[in-house]
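Just so you know, ligand 1 is whichever comes first in the structure, and atom 1 is the first atom listed for that ligand. Excluded from the calculations below are hydrogen atoms, water molecules and symmetry mates; all remaining heavy atoms, backbone and side chain alike, are included. Only a predicted model underlies this, so the values are computations on that prediction, with no experimental measurement involved.
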Amino acid sequence: MAPVCIKSVLISESVDPRCRTILEENGIHVTEKQNMRKDELIAEIKNYDGLVVRSATKVTADVIDAATNLKIIGRAGTGVDNVDVDAATQKGIIVMNTPSGNTISAAELTCALIMNLSRQVPQAAMSMKAGNWDRKKFMGAELYGKVLGIVGLGRIGKEVASRMQSFGMKTIGYDPITPKEISASWGVEQMTLEQLWPQCDYITVHTPLMPSTVGLLNDETFAKCKRGVKVVNCARGGIIDEAALFRAVESGQCGGAGLDVFVEEPPKERTLVDHPNVISCPHLGASTKEAQARCGQDIALQIVDMVNGKNLVGASSTSYMPSAVLVGLLGNGSNSINLINVLNFAKESGIQV
Ligand SMILES: NC(=O)C1=CN([C@@H]2O[C@H](COP(=O)(O)OP(=O)(O)OC[C@H]3O[C@@H](n4cnc5c(N)ncnc54)[C@H](O)[C@@H]3O)[C@@H](O)[C@H]2O)C=CC1
Ligand SMILES: O=C(O)C(=O)COP(=O)(O)O
């Protein structure tokens, strides 16, 4: 891989200070500017060779168009749905992410939401703060013996499965790429979605956001579920259709929802957030000290590796997954996430990519 000349990087969100330190130690000038408006980003982006973002910066085609010197977009985290990978690829800009740095944190928050749905801890705590002592209202149900459906058996789905199995949940799932034998070795029985919906007491989604996953849970699929099914979305807003979810919680078809992510963040439309059977967080899945330290460090090391022209596959950093880089070079555009998974699966399986 030929070295890429990166002299200046803009960090446009709150990224662990390790990122800045590593870049500066390697002679890269770093500017940190948070909460930039889109017009400000468009006006400034020409001054940088590299851009480091999390999920809030929307790196849309018009931003990329204005980025006359940009060579790398580094996503300190997993999802690259806030980056127009097609537009970047067409301009020869490399897009890279740090996919395993926040896996455990996102899985732990998912488990916390499942547990909170089973016992209504947030609602009970609010009731206590309001001066009440209501033991009848908050009758829960054990997780033990219940069925958890996991849609998307990648890194996070796998970690959620093992944690919830320790609570005695039966884990079933669906993934178009992860082989059945592999997920069976983690105790997850794979089946079709048609078979999965009616069996679940809880459903959690862990797919990327892409056209084929928008509205995976919708009016039609909710109708196929057990009455009172509880759902969790710690992946991306829109994978569970928000309007359909509202209708399902209103009718009781859905017994409760745990939401970390929304189509619009922060959500202007508050009906779901305000619903008594919905517990929600402001996109906190990756917001732990550990996850941020890993993602901040990894994205900086990956950028430095590019500057040094290091071979991308099999590089030093623990969560180094240069899949998006390869996707960029292959010009794979909107199917990139699927290709990312194929590449990662191959790599984790010891196959030379
Ligand atoms: N709430 C938060 O702060 C965080 C959210 N995320 C989100 O979680 C998503 C998943 O992350 P990882 O597990 O690390 O990704 P991953 O790439 O390891 O796993 C995603 C899995 O989804 C599967 N998949 C793709 N299309 C599918 C479909 N139609 N139905 C079922 N499965 C499908 C893929 O084959 C893959 O196995 C990310 O794309 C990101 O959007 C990730 C980290 C933190
Ligand atoms: O890594 C991801 O995909 C996430 O959703 C985390 O987003 P964040 O870095 O916390 O803005």
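With a heavy-atom cut-off of 4.0 Å, Cys234 touches ligand 1 through its backbone alone. Neither the backbone nor the side chain of Glu13 comes within contact range of ligand 2; no heavy atom lies under 4.0 Å. Proximity of Thr78 to ligand 1, defined as any heavy-atom pair under 4.0 Å, is confined to the side chain (atoms from C-beta onward). Under 4.0 angstrom from ligand 1, there are no non-hydrogen atoms of Leu109. With a 4.0 Å heavy-atom cut-off, ligand 2 is reached by the backbone of Ser55 and by its side chain too. When non-hydrogen atoms are compared, ligand 2 lies under 4.0 Å from the side chain of Asn102 (C-beta onward) but not from its backbone.
Compare Leu259, Ile156, Leu193 by their heavy atoms: the one nearest to atom 11 (O) of ligand 1 is in Ile156. Of all the listed residues (Ser212, Ala291, Pro176), Pro176 holds the heavy atom that lies closest to atom 27 (C) of ligand 1. Closest heavy-atom approach to atom 18 (O) of ligand 1 among the candidates His206, Met210, Arg155: Arg155.
No more than 12 heavy atoms of other residues, nucleotides or ligands lie within 6.0 Å of NZ in Lys180, so this atom counts as exposed by the packing criterion. Residue Lys38 qualifies as enclosed at atom NZ: its count of foreign heavy atoms under 6.0 Å is above 12.
Residue Ala88 comes nearest to Val95 through the heavy atom pair CB-CG2, 3.6 Å, listed as atom of the first residue, atom of the second, then distance. Taking each heavy atom of Thr207 and Gly152 in turn, the nearest pair found is CG2-CA, 3.9 Å.
None of Val52, Thr57, Leu51 except one satisfies the side-chain contact (heavy atoms from CB on, under 4.5 Å) rule with Ile11; the exception is Val52.
If you check which protein heavy atom lies closest to atom 1 (O) of ligand 2, you get Thr78 N, 2.6 Å.
Between the CE atom of Met115 and the CG atom of Leu113 there is a distance of 9.5 Å, given to the nearest 0.5 Å.
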